[in-house]
Amino acid sequence: MVLKLDRLDRQILQLIARDARIPFLEVARVCNVSGAAIHQRIQKLTAMGVLKGSQFIIDPEKIGYETCAYIGLNLKDPETFDAVVEKLREIPEVVECHYTTGNYDMFIKIYALNNHHLLDIIHDKLQPLGLASSQTLISFHSAIDRQLPVDRLSLDDEEEA
């Protein structure tokens, strides 16, 4: 379901996407509304599921995780999807898991300390999950890492008319 957002919602999202730590009063000043209005809008956007919280982003490489890998997984038994996802949740190095079309049943993103650690994860933690096959791609560097642009979101029907 696509949610309709008005001009103020879009403006708030643009500001907080650039800097999640921007004070609500600064957002209010830029948007020319009260701080209470911003607070209410942030609560509304959170309740709608548009905002999924805020967090500090840790650079894995700065804390010793030198290897980033994407692994396509094919399961022996597709009926085990849910059980495999639950097992993947127990592996802290798995930071993303996607159901996909194409060559893989699932596609995961892993951070490992180094290539030896990655091999241990694949051999000791992934293979026992009942994989028919897997393919590992190691990322050398993330060239683009950004939020979706908010300025292209559609406005409420009443504002479009």
Q: Could you go through the side-chain contact (heavy atoms from CB on, under 4.5 Å) check for I110 and I91 one step at a time?
A: CA-CA 9 Å; I110 285 185; I91 304 170; 5.8 Å; no
Q.
Can you list everything that forms a side chain to side chain donor-acceptor pair (under 3.5 Å) with Q55? Sequence neighbours excluded, please.
A. none
(Q) Do F107 and V95 land in one hydrophobic cluster if side-chain heavy atoms of ILVMFWY residues count as linked below 4.5 Å? (A) no
(Q) Using the salt bridge (Lys or Arg N to Asp or Glu O under 4.0 Å) criterion, which residues pair with E86? Sequence neighbours excluded. (A) R89
(Q) Under the salt bridge (charged side-chain N to carboxylate O under 4.0 Å, His left out) definition, can you give me all pairs with a residue in residues 14-25, not counting sequence neighbours? (A) none
Q) With hydrophobic residues grouped by side-chain heavy-atom distances under 4.5 Å, do I138 and I71 end up in a single group? A) yes
Q) Between atom CG of L113 and atom CD of E61, what is the distance when rounded to the nearest 0.5 Å? A) 12.0 Å
Q: Just grab all the ring-ring contact (aromatic ring centres under 6.0 Å, His included) pairs involving residues 61-89, residues at least two apart or on different chains.
A: F81-Y99
Q | Within 6.0 angstrom of I63 CD1, more than 12 heavy atoms from elsewhere | A | yes
Q | Heavy-atom side-chain proximity of D82 to T80 below 4.5 angstrom | A | no
Side chains of residues 29-51: which donor-acceptor pairs under 3.5 Å do they make with residues two or more places apart or in other chains?
unit_1 : atom_1 : unit_2 : atom_2 : d
R29    : NE     : E26    : OE1    : 3.3
R29    : NH2    : E26    : OE2    : 2.6
S34    : OG     : A37    : N      : 3.0
H39    : NE2    : Q43    : NE2    : 3.3
R41    : NH1    : D6     : OD1    : 2.8
R41    : NH1    : D6     : OD2    : 2.9
R41    : NH1    : D9     : OD1    : 2.8
R41    : NH2    : D6     : OD2    : 3.2
K44    : NZ     : D9     : OD1    : 3.3
K44    : NZ     : D9     : OD2    : 2.9
T46    : OG1    : I42    : O      : 2.8

Q.
For the CD atom of E93 and the OH atom of Y111, what is their distance to the nearest 0.5 Å?
A. 13.0 Å
Q | Residues that, via side-chain heavy atoms closer than 4.5 angstrom, fall in one hydrophobic cluster with F56 | A | none
Side-chain donor-acceptor distances from residues 120-137 under 3.5 Å, at least two apart:
unit_1 : atom_1 : unit_2 : atom_2 : d
S133   : OG     : N74    : ND2    : 3.2
Q135   : OE1    : Y104   : OH     : 2.3

Q | Single-linkage hydrophobic cluster, 4.5 Å side-chain cutoff, V27 and L25 together | A | no
Q) In the hydrophobic clustering (ILVMFWY, side-chain contacts below 4.5 Å, transitive), which residues join I57, or is it alone? A) none
Q: Using the salt bridge (charged side-chain N to carboxylate O under 4.0 Å, His left out) rule, collect all pairs that involve residues 62-81, keeping only residues at least two apart or in two chains.
A: none
**Q.** Worked check of side-chain contact (heavy atoms from CB on, under 4.5 Å) between L75 and M106
**A.** CA-CA 8 Å; L75 305 177; M106 297 177 184; 4.1 Å; yes
Q | Nearest-0.5 Å distance that lies between atom CD in Q11 and atom CD in Q14 | A | 7.0 Å
Show me, pair by pair, the donor-acceptor contacts under 3.5 angstrom made by side chains of residues 141-148, not counting sequence neighbours?
unit_1 : atom_1 : unit_2 : atom_2 : d
S142   : OG     : I144   : O      : 3.3

Q: Rounded to the nearest 0.5 Å, what's the gap from CG on N115 to OG1 on T67? Could you check?
A: 4.0 Å
